[in-house]
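Heads up: the structure comes next, in structure tokens.
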Protein chains: 2
Amino acid sequence: MKSHLLAYSHFTEEEIAKVLYHFEEKKFKKRDLVIEAGHVDSYQYFITQGCVRGYIVDYNGKEHNIAFGFEEFWFGDMESFTNNTKAHYNYQALEDLTVLAISKSNWDKISNEVPAFIEYSRNLFRNAMIFQQNRIAKHLMQTAEQRYEQLIYENPKVLQRISLKNIASYLGVTPEFISILRKKAAQK
Amino acid sequence: MKSHLLAYSHFTEEEIAKVLYHFEEKKFKKRDLVIEAGHVDSYQYFITQGCVRGYIVDYNGKEHNIAFGFEEFWFGDMESFTNNTKAHYNYQALEDLTVLAISKSNWDKISNEVPAFIEYSRNLFRNAMIFQQNRIAKHLMQTAEQRYEQLIYENPKVLQRISLKNIASYLGVTPEFISILRKKAAQK
DNA sequence: CAATACTCTTGAAGTAGTTCAAGAAATCAC
DNA sequence: GTGATTTCTTGAACTACTTCAAGAGTATTG
């Protein structure tokens with residue numbers, strides 16, 4: 001399971017064992033909060049089963065989804081993890097969820113023991129950064145309709161596993177408007 | 001100059017020298033393109049003087065700014081740099097510009113010679129990722145007016161050094177609308 | 001220092017997406 | 001399996017932001 005992931009960088013068998021040793025399996029029920037904004041959460045989570053949404057709550061109490069995660073994805077509140085500050089984002093299980101969790105201290109321990117792990121995590125962060133930058137570019141370039149169509153085209157499992165309401169929030173529009181888009185698309 | 005930057009991670013004097021050795025100073029005139037979309041650009045650039053904008057061109061030929069960079073900032077097309085593919089983004093000097101450029105091969109060389117550099121770059125990428133994620137969150141939560149006010153409040157040098165047109169493009173609105181916002185703010 | 005080219009502003013008309021309210025359909029809890 | 005909650009749809013009125021066009025102000029160039 002994890003070794004599949006570790007194809008990202010070059011590890012020896014021994015190193016993989018060292019890395020895996022520091023992970024801890026955790027389970028959550030659908031709707032449970034894995035990370036709660038306002039609390040320190042110094043873990044990173046690797047999803048083995050289920051899916052999550054990351055969201056932030058604005059001053060009006062409205063929720064805005066910033067990310068979805070499925071099997072083989074990492075998630076975590078990076079600022080809280082890195083600086084030991086309060087998390088800005090919530091992460092909630094959208095299905096029953098199994099994760100491999102790793103604490104900051106174990107993460108640092110691995111980084112010291114296994115140099116390839118630093119490189120691995122550097123690649124993770126870099127890819128995350130590229131993803132986020134592309135997401136911003138799409139937001140600037142595309143209408144909500146184009147963003148919706150591209151999302152379900154590129155990532156069909158989002159449509160199957162994520163509610164319209166959550167997709168709308170991720171795209172930055174209202175659920176009502178997605179409904180209008182669906183009707184429009186169906187008429188073609 | 002660079003040693004100021006290298007306060008980010010822990011380096012010995014010798015390591016700093018090794019790192020600096022692989023950089024190359026380059027100068028650009030105002031309006032020059034440092035990176036051109038569609039071409040491979042396997043460099044990262046550290047700004048010592050001047051500022052740049054990163055932008056992408058959509059199917060209608062419209063430009064959308066995804067980033068600004070000032071002194072002591074890194075920029076580069078991360079995908080092109082990492083995978084040796086064609087750049088998606090353009091980077092243009094908005095003032096006469098001096099950068100320290102480092103090629104992918106030198107970057108990798110340093111990574112092998114100086115372990116602290118891997119950690120340094122991991123921190124860079126992580127911070128960039130956090131920044132981009134927060135930017136997305138702001139886009140989802142705030143109106144254009146709120147984004148404009150927060151930008152000039154948090155980053156006054158943007159207002160001083162970047163044209164309204166480029167600020168508008170960064171915020172994802174038209175220059176005309178920013179003009180309306182300014183008028184509105186002045187009336188208060 | 002004149003010519004040209006950008007930058008910023010203003011206004012009027014248009015549109016993408018929102019809000020609110022209410023009903024139908026699906027899912028969840030006991 | 002029935003009642004309660006949540007999800008999705010529909011419609012009508014609204015608003016944040018755009019588009020187009022034109023003019024004034026400010027840089028840039030030869």
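Letters go in sequence order (proteins before strands), and every chain restarts at 1.
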Nearest whole angstrom, please: distance from the [atom2] of [N] to the [atom1] of [X].
X: B/L140; N: C/dG17; atom1: CG; atom2: P; value: 14 Å
X: A/I178; N: D/dG11; atom1: CD1; atom2: C1'; value: 18 Å
X: A/Q146; N: C/dA16; atom1: CD; atom2: P; value: 11 Å
X: B/L181; N: C/dT10; atom1: CG; atom2: C1'; value: 14 Å
X: A/E145; N: C/dG17; atom1: CD; atom2: P; value: 8 Å
X: A/L171; N: C/dA16; atom1: CG; atom2: C1'; value: 15 Å
X: A/E95; N: C/dT27; atom1: CD; atom2: P; value: 14 Å
X: A/D96; N: C/dT27; atom1: CG; atom2: C1'; value: 15 Å

- Note on the structure: When B/F117, B/Y43, B/Y120 are each screened for ring pair (Phe, Tyr, Trp, His ring centres under 6.0 Å) with B/W107, the one that passes is B/F117

- Summary of ring pair (Phe, Tyr, Trp, His ring centres under 6.0 Å) pairs that have at least one residue in residues 152-182 of chain A, sequence neighbours excluded: A/F68-A/Y170

- Task: Identify, with sequence neighbours excluded, every residue that meets side-chain hydrogen bond (donor to acceptor under 3.5 Å, both in side chains) alongside B/N83.
- Result: none

- For A/R161, the side-chain hydrogen bond (donor to acceptor under 3.5 Å, both in side chains) test, sequence neighbours excluded, returns A/E71, A/E95

- Message: Assess whether a salt bridge exists between A/R122 and B/E119, defined as any Lys/Arg side-chain N lying under 4.0 Å from an Asp/Glu carboxylate O.
- Response: no

- Let me have a per-nucleotide readout for nucleotides 19-30 of chain D, 5' to 3', with B, S or -, counting only protein heavy atoms under 4.0 Å. BB-------S--

- When you measure from the side chain of A/S179, which nucleotide among C/dT9, C/dG17, D/dC8 comes out closest? D/dC8

Considering only distance and modelled atom types, tabulate donor-acceptor pairs under 3.5 Å from the side chains of residues 21-36 of chain B, sequence neighbours left out.
residue: B/H22; atom: ND1; partner: B/K18; partner atom: O; Å: 2.9
residue: B/K27; atom: NZ; partner: B/T98; partner atom: OG1; Å: 3.4
residue: B/D32; atom: OD2; partner: B/K29; partner atom: N; Å: 2.8

- Of all of residues 150-167 of chain A, which get a heavy atom below 4.0 angstrom from DNA chain C, listed by number? none

What side-chain donor-acceptor pairs closer than 3.5 Å can you find for residues 123-131 of chain A, not counting sequence neighbours?
residue: A/N123; atom: OD1; partner: A/R126; partner atom: NH2; Å: 3.1
residue: A/R126; atom: NE; partner: B/T82; partner atom: OG1; Å: 3.4
residue: A/N127; atom: ND2; partner: A/N123; partner atom: O; Å: 3.4

- Query: Phosphate oxygens OP1/OP2 of D/dG11: is one of them under 4.0 Å from a side-chain N or O of A/K183?
  - Reply: yes

- Kindly state each residue pair satisfying salt bridge (charged side-chain N to carboxylate O under 4.0 Å, His left out) with at least one member in residues 163-174 of chain A, sequence neighbours excluded. none

- Task: Tell me, please, which residues at least two apart from A/E154 pass salt bridge (Lys or Arg N to Asp or Glu O under 4.0 Å).
- Result: A/K138

- Item | For B/E63, all residues meeting salt bridge (Lys or Arg N to Asp or Glu O under 4.0 Å), sequence neighbours excluded | B/R53

- Task: Would you please name every residue forming a side-chain contact (heavy atoms from CB on, under 4.5 Å) with A/A116, sequence neighbours left out?
- Result: A/F11, A/E15, A/V114

- Note on the structure: Angle separating the five-pair end axes of the helix from C/dC1-D/dG30 to C/dC30-D/dG1, nearest 10°, is 70°

